[in-house]
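Below is one structure, written out as structure tokens; the observations come after it.
Lettering of chains follows the sequences in order, A, B, ..., and the numbering in each one begins at 1.
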Amino acid sequence: MADAVGASVGEVTRVDDLGEIERASSPRWVWWRTAEIYPALLEAGVRVQRCHDLAAVQSLLRTYEGEPFVPPQSALSEPAGSGAVQISLFTDDEAASKPSRRLGAGPDGDPAMYGTYFGLAELRRHYAEQLAHIARVRKAHPGFGLLVAAESAAGLAAVEMGRAGLPWSTEIHDRVLTDLLGPRPQHHGRPRKLQVLAEEVSALLAPEKTGPALQVNPDSPADVLKAFKRQGVTLTSTRAWELKEVEHPAVAPLLRYKELARLHVAHGWGWQDQWVRQGRFHAEYVPGGVVTGRWATSGGGALQIPKVMRACVVADPGYVLVAADAGQLEPRILAALSADRGMIAATADADMYTALARQALGRPEARNEAKIGLLAAMYGARANTPAMVALKRRFPQALDLLERAARTGENGGIVRSVLGRTCPPPEPTWQEVPPEQALARSRARGRFTRNFVIQASAADWANALVAGLRRRLIALSDRAELVFFQHDEVLVHAPAMLAEAVVAAIADSGAEATALVLGDRGVRIPLAAAPITSYADKN
DNA sequence: AGTCACAGCCAC
DNA sequence: AAACGTGGCTGTGACT
């Protein structure tokens, strides 16, 4: 693989030379898409400190500046403090979908060594154009430069995380699955305990027939609805919360079946075969994969690991996992964005919801009402609970920010995160529907923009956290690795003797993210890091 | 045999 | 308690 990346145009730049340059000056490498280039560099042993991901930045700029310009896959580096641009170019024959010219055979006549002659000048022009655009955007949104840097850093962190993998004990995983489901079935098919539950459900819903074949397939909502109907129970869906309201002997085994079936199909042995190798769960992370700037994953479902499966995440012998999450990140972000003095004061409390309950409802024990009320306000609930009314009275500025974001969306406008990420505009034809649907669409758009300002700003903060933590971990040790990141929490796998240093690195990164993203607004975002052996031990 | 919308549940 | 934001993923069932 290393050979496939060491092509040249003009002056020769081999991957070894790239490593030399990186070690000597740690330039900001400029390239088209981190996910396409960086894995090969890591494979060749080159870890990069900084980059500018043109594709990622392009998508940040898209809602500010016209149509995207799509350059070929290439890379160049701009050494710090120098006007000269060192050029290297590496690509492989996956670039064949774009116009390319073969540069020559590799060491063994390997035809995989391709490159593009025309790409570099355009790439440099594109970079220059982006810098100019960024400078313009920064005049209105001073944080935008930070957003660009954090987004690019997140891309590097994501590739490194996917490569390192999350420590995953297949032994514990097998044990958890066997305890819950019975032994692994020989071929595919239901494990024993699932099969027993399925037969029980079927017998209770269709008692008139018996036999090896199921009369009711619990995986089929239509089947289940029909069966309940025959029993005189009318349901509008087979959702768990609706089934819980029903008194029928089949409900309990059906709910248990659904719970276990979910684990089996989504995180069972098949999942393990596909995604876990040599004790590591390797997922592919996609920073900015969500419109709000949150990360997504493609394959493996790393951002939806069920809580019961966290027991499978264990540190290697002699290592620890240092876990940290930002408690109640989104309401703290709301306090900062709105500069609501009462709500900012509440962020001093480790449990912000108790502080909100005390201030708005006069009862700290009403914590849960306050929590639900505020989350509902941030998500755009249709119903107005008493707690929401009380919150609005006590924290008018904060709730008003949400209302204004909603109005903007309802009117077809766009909103931005604190650092200047914009939400996508509505489709031009979004209101070309009957009037009653137009209103529903407008409301839905309002809920989206209402939530966007919070979720996207929280993602800004989290990306700044990841960028700072990555920088500190590189300085600390190659053996302290970021192995998991999920919206507002991080997991670092490190030698036990580095535990305290990692704890400090996380705390410092959190404080830095808060200062950089939210400025000096007096908002506190607690980020308590603690070394653990198993992810199940967190909190 | 592939594609797609939908239902439902997992995470935050 | 009810179904209100962002996603990924899987089986079903209708379709080509």
Check your understanding: Which part of the nucleic acid, if any, lies within contact of A:Gly380, taking any heavy atom under 4.0 Å across all strands shown: a base, the sugar-phosphate backbone alone, or nothing?
Key -> base

Review point. NA contact type, A:Ile305, heavy-atom cut-off 4.0 Å: base, sugar-phosphate, or nothing?
Key: sugar-phosphate

Review point. What integer distance in Å separates A:Asp488:CG from C:dG7:P?
Key: 17 Å

Point to revise | Sugar-phosphate only, base, or nothing, as touched by A:Gly289 at under 4.0 Å among non-hydrogen atoms | key: nothing

Review point. Can a side chain N or O of A:Arg294 be found less than 4.0 Å away from OP1 or OP2 on C:dG7?
Key: no

Check your understanding: Can you check the A:Arg190 CZ to C:dT10 P distance for me, whole Å?
Key -> 17 Å

**Study point:** A:Glu171 atom CD: more than 12 heavy-atom contacts under 6.0 Å
**Key:** no

Study note, to complete from the structure: With sequence neighbours left out, the residues meeting side-chain hydrogen bond (donor to acceptor under 3.5 Å, both in side chains) with A:Arg521 are none

Review point. Of the nucleotides C:dC4, C:dG8, B:dC12, which one has an atom closest to the side chain of A:Arg310?
Key: B:dC12

Practice item. Please report, rounded to the nearest Å, how far the P atom of C:dT6 is from the CZ atom of A:Arg421. Key: 15 Å

**Study point:** All salt bridge (Lys or Arg N to Asp or Glu O under 4.0 Å) counterparts of A:Arg367, not counting sequence neighbours
**Key:** A:Asp351

Exercise for review: Dump the intermediate steps for salt bridge (Lys or Arg N to Asp or Glu O under 4.0 Å) on A:Glu160 and A:Arg163, then the final yes or no.
Suggested key: CA-CA 5 Å; A:Glu160 290 165 0; A:Arg163 181 181 165 84; over 6 Å; no

Exercise for review: Side chain of A:Val290 only, please: which of C:dG11, C:dC4, C:dG7 is the nearest?
Suggested key: C:dG7

**Study point:** Atom-pair distance (CG on A:Leu263; C1' on C:dG11), nearest Å
**Key:** 16 Å

Check your understanding: Could you state the OH-P distance from A:Tyr257 to B:dG8, rounded to the nearest angstrom?
Key -> 15 Å

Point to revise | B:dC10 phosphate, OP1 or OP2, under 4.0 Å from A:Arg262 side-chain N/O | key: no

Check your understanding: Where the side chain of A:Ala296 is defined as all heavy atoms beyond and including C-beta, which of C:dG8, B:dC10, B:dG8 is the nearest nucleotide?
Key -> C:dG8

Review point. A:Leu374 has an atom CG; how far is it from atom P of B:dC12, in whole Å?
Key: 18 Å

Exercise for review: Give one of base, sugar-phosphate or nothing for A:Gln455, where a contact means two heavy atoms less than 4.0 Å apart.
Suggested key: base

Review point. Does CZ belonging to A:Arg184 count more than 12 external heavy atoms closer than 6.0 Å?
Key: yes

Check your understanding: Counting side-chain heavy atoms from C-beta on, which of C:dT6, C:dA3, C:dG7 comes nearest to A:Trp241?
Key -> C:dA3

Practice item. Check whether any side-chain N or O of A:Lys258 sits under 4.0 Å from OP1 or OP2 of B:dC9, and answer yes or no. Key: yes

Practice item. Choose from C:dG11, B:dG8, C:dC9 the nucleotide whose nearest atom is closest to any side-chain atom of A:Val265. Key: C:dG11

Practice item. Examine C:dG8: is either OP1 or OP2 under 4.0 Å from a nitrogen or oxygen in the side chain of A:Ser298? Give yes or no. Key: no

Check your understanding: So, is A:Asn217 close to the C:dT12 phosphate, meaning a side-chain N or O under 4.0 Å from OP1 or OP2?
Key -> yes

Check your understanding: Tell me: OH of A:Tyr379 to P of C:dA3, nearest whole Å?
Key -> 17 Å

Check your understanding: Reckon A:Ala458 touches a base, only the sugar-phosphate, or nothing at all at heavy-atom distances under 4.0 Å?
Key -> nothing

Exercise for review: Would you indicate, yes or no, if C:dA1 has its OP1 or OP2 atom less than 4.0 angstrom from a side-chain nitrogen or oxygen of A:Lys371?
Suggested key: no

Exercise for review: Could you check which of C:dT6, B:dA11, B:dA7 has an atom nearest any side-chain atom of A:Lys307?
Suggested key: B:dA11

**Study point:** pair A:Arg280-A:Trp168: side-chain heavy atoms closer than 4.5 Å
**Key:** no

Check your understanding: Quick one: on DNA chain C, does A:Ile372 or A:Gln304 contact a more 5' nucleotide (nearest heavy atom)?
Key -> A:Ile372

**Study point:** Residue A:Glu489, side-chain heavy atoms: nucleotide from C:dG8, B:dC12, B:dC9 that is nearest
**Key:** B:dC12

Exercise for review: Nearest whole angstrom, please: distance from the P of C:dG5 to the CZ of A:Arg445.
Suggested key: 13 Å

Check your understanding: Below 4.0 angstrom from OP1 or OP2 of C:dT6, is there any side-chain N or O of A:Thr292?
Key -> no

Practice item. Please tell me which of A:Leu375 and A:Trp275 maps to the more 5' nucleotide of DNA chain C, matching each residue to the nucleotide holding its nearest heavy atom. Key: A:Leu375

**Study point:** Aromatic plane relationship, A:Trp271 with A:His267 - under 30° parallel, 30 to 60° tilted, over 60° perpendicular
**Key:** tilted

